[in-house]
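Note sheet for the following structure.
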Amino acid sequence: MLDLIYQLLWRMCMIVTIAFLITRLNLFRQMIYQRLSWKGKLVMIFVFGLFGIIGNYTGIVIHPDISKIPYDYWEHNIGPFKAIADTRNIGVIIGGLLGGPAVGFGAGIIAGGHRYLLGGFINTATFFLTVFGGLIAGWMTRKSAYKERIQPSLILMISVCILFMQIILIPVFIESHKVAVLLIKFTGLPIIIVNGIGIWICALIFYSVLREEEKVRAVQTQKALFIANKTLPFFRKGLNENSSEKVAHILATHTNADSVAITDLNDVLTHVGKGKKDDHFLQENEQDAVKQVLQTGEIVTLKSIREYKTINRTRPLKAVIIVPLLVREKPVGTFKMYYSRPYKLNEAEQELAEGLIMLFSTQLEIGEAERHKELLQNAKIKALQAQIHPHFLFNSINVIVALCKRDSLFARKLLIQLSTFLRNNTSATSQTLIPIEKEMESVMAYFSLEQARFPERFTLKTSIHSSLEMALIPPFIIQPLVENAIVHGFSERCKKEIVEITIFNEEGFLKILVRDNGIGISNERLKLIGNKATPSNKGTGIAIQNIRERLSLLFGSEASFSIKSQLNKGTIITIVVPLQYER
């Protein structure tokens, strides 16, 4: 018996070596952290099934009525009264414990089927018991977390129980019970001991890989958090050339990248390190990769030179990982880390890049939220200024006072309109989106007060479908445009002054047109309006800029703002935003 144990231990070393090689497979590492797909399970069934077949081939051919064990088992055919003492169950049970019932069952079919074909008087028993062992192993750990499932002590205990059940069930499948009992007495304990030790050693190897993976991920997480902490003050200011340059310097310093570039949707904002801003390796392929990243929001890695059709080998950068920058799960740019040697772009660098995606994206979202808050605060200040503007307030009050004796009902109506205007301006500043109905209420209140000052001078025309009245838009995007038309567009006109507001649904987008027949805007001034403040003797010029920036922050590329104007013919302002309703 001791000689049999020694022989099995020697053969078990080969199985343990194979187990170590399995841990090098990416699929095995995937199995650690996520559920396997059916394709992955089929691969693992084949791997652990092959594991079991090797255990068959390295087994020892024995006869239950002899005490001497043949050392060269390849020369002995398995006759009708011979059997094999093998390590087949190591692969099958490990497969079931790690991959679940499907992997255990499949590996059992492969290894057990191969053992059946080798023959012997217990070949039928070994087939069914091998499949049974794989199923039981998978079933016992199917609801356990992987870290709990791979505990070596737990695996040893489960495997010994399964091996013991397999041994004692052999006589159930054999007619000659005496021969089966004699075989169990001679080989049962050695098989349980050696297979149990083999499974335990494999579990130790797998567990060490798990711990190694966890340590690497912990280091990468700590590194990613350190980098994120360094970049937070800059990305919070938005994605621009200044912030991008600071972030790129941090990435180049604290990663193995030889150079770093950051882009928005259209241009390279900065490049730090080797190479030039416009001299990256393989420009054509890289540009296609950037487009792919911006379309899919997924990382793209380029490092295999043979994949490329054209490449200038004299350029210093030979590999790149392109990572999307996301805001509300939509790409707004990329950061690219370049390497002078393809091998430097290893798995650890890729995991670091993956960890930085959400951290950088969160920083950009925080920055946009703060910027939006600032813009909304500016809008609030402007609204408050409009409320207490001496000319507007005093003129409105004077009109109401003058009408109190002549037309008290009209004066009361104007007082209600003034109250509505002031109340809406105050309440809307705390909201990101409001119904069109609410915005138009402010527009009508403002227009009524201006029309009372200048009777029959202004005309307001509106065309809004009833189904769109509750559609949501940002506050203060229509009323300021009507105010601009009256204050600036009609400053040199005295009659037939018309403002038209048209709102309609265009293929799932809300299209808002504000048209006037005023004096128009010169081409020189038109280039400045909306891009920066354009002060005049009648205002600060920030209203349109504020509207455009808030639309960009709220809706990104889905929103648009355009101005068309001709001198002495009028101006058309078009706003397009996604059509949405309050949920």
Side-chain angles (χ1 to χ4, degrees), residues 376-464 466 468-491 493-503 512 514-516 518 537-540 542-544 546-547 582:
L376 199 58
Q377 185 65 24
N378 288 339
K380 182 176 181 179
I381 292 171
K382 184 180 181 300
L384 292 173
Q385 288 174 341
Q387 293 171 25
I388 61 174
H389 193 285
H391 292 294
F392 174 77
L393 191 57
F394 291 158
N395 288 338
S396 298
I397 293 174
N398 286 336
V399 169
I400 294 171
V401 169
L403 289 170
C404 282
K405 291 183 178 179
R406 283 187 322 192
D407 192 342
S408 59
L409 291 178
F410 187 41
R412 180 179 179 276
K413 180 180 177 182
L414 289 179
L415 194 58
I416 292 173
Q417 296 284 18
L418 179 61
S419 173
T420 299
F421 179 76
L422 297 177
R423 183 180 64 252
N424 286 354
N425 279 2
T426 303
S427 62
T429 54
S430 62
Q431 298 173 283
T432 304
L433 298 171
I434 62 171
I436 289 177
E437 181 183 52
K438 199 72 174 175
E439 177 76 1
M440 290 305 298
E441 191 177 70
S442 297
V443 171
M444 298 306 297
Y446 173 82
F447 188 80
S448 296
L449 293 167
E450 288 297 310
Q451 196 175 42
R453 290 177 57 206
F454 305 102
E456 299 183 0
R457 178 179 172 182
F458 304 123
T459 301
L460 178 64
K461 297 180 179 180
T462 62
S463 176
I464 306 171
S466 59
L468 300 176
E469 290 181 352
M470 299 308 295
L472 298 177
I473 59 173
F476 309 121
I477 67 167
I478 300 179
Q479 185 273 326
L481 299 180
V482 174
E483 182 179 345
N484 275 358
I486 291 175
V487 174
H488 301 287
F490 300 142
S491 58
R493 301 278 295 274
C494 296
K495 58 182 180 179
K496 296 182 180 178
E497 295 170 342
I498 302 172
V499 179
E500 297 180 42
I501 300 173
T502 305
I503 303 177
I512 304 171
V514 179
R515 184 197 313 262
D516 67 65
N537 57 354
K538 293 189 178 183
T540 61
I542 67 170
I544 292 180
N546 182 283
I547 292 171
E582 189 172 1

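- For Ser448 (side chain) and Met444 (main-chain N/O), a donor-acceptor pair under 3.5 Å exists by modelled atom type.
- Interatomic distance, CD1 of Ile477 versus CD1 of Ile436, reported as 8.0 Å (0.5 Å rounding).
- We find that Lys461 and Glu500 are not joined by a salt bridge, their nearest charged nitrogen and carboxylate oxygen being 4.0 Å or further apart.
- Side-chain atoms of Gln479 never come within 3.5 Å of backbone atoms of Met440 as a donor-acceptor pair (strictly under, hydrogens ignored).
- Here CD1 of Ile400 is found 12.5 Å from CG of Asp407. Values are rounded to the nearest 0.5 Å.
- A distance-only check finds no donor-acceptor pair linking the side chain of Gln417 to the backbone of Leu449 [under 3.5 Å].
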Between Leu472 and Glu582, is a side chain to side chain contact (heavy atoms under 4.5 Å, CB included) present by the stated rule, with each step listed? CA-CA 7 Å; Leu472 298 177; Glu582 189 172 1; 4.1 Å; yes
Do Leu481 and Ile547 pass the side chain to side chain contact (heavy atoms under 4.5 Å, CB included) test, and can you show the C-alpha distance, the side-chain angles, and the key distance before you say yes or no? CA-CA 10 Å; Leu481 299 180; Ile547 292 171; 4.0 Å; yes
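- Ile512 CD1 to Ile478 CD1: the interatomic distance, rounded to the nearest 0.5 Å, is 4.5 Å.
- Remark: the backbone N or O of Ile473 is not paired with any side-chain donor or acceptor of Glu439 at under 3.5 angstrom.
- Note that OG1 of Thr420 and CG of Leu414 are 11.0 Å apart. Values are rounded to the nearest 0.5 Å.
- In this structure, the side chains of Pro474 and Leu433 come closer than 4.5 Å at one or more pairs of heavy atoms.
- Of all the heavy atoms in Phe458 and Ile486, the pair that sits closest is CZ-CG2, 3.7 Å.
- Looking at heavy atoms from C-beta onward, Thr462 lies out of side-chain contact with Val443 at the 4.5 angstrom threshold.
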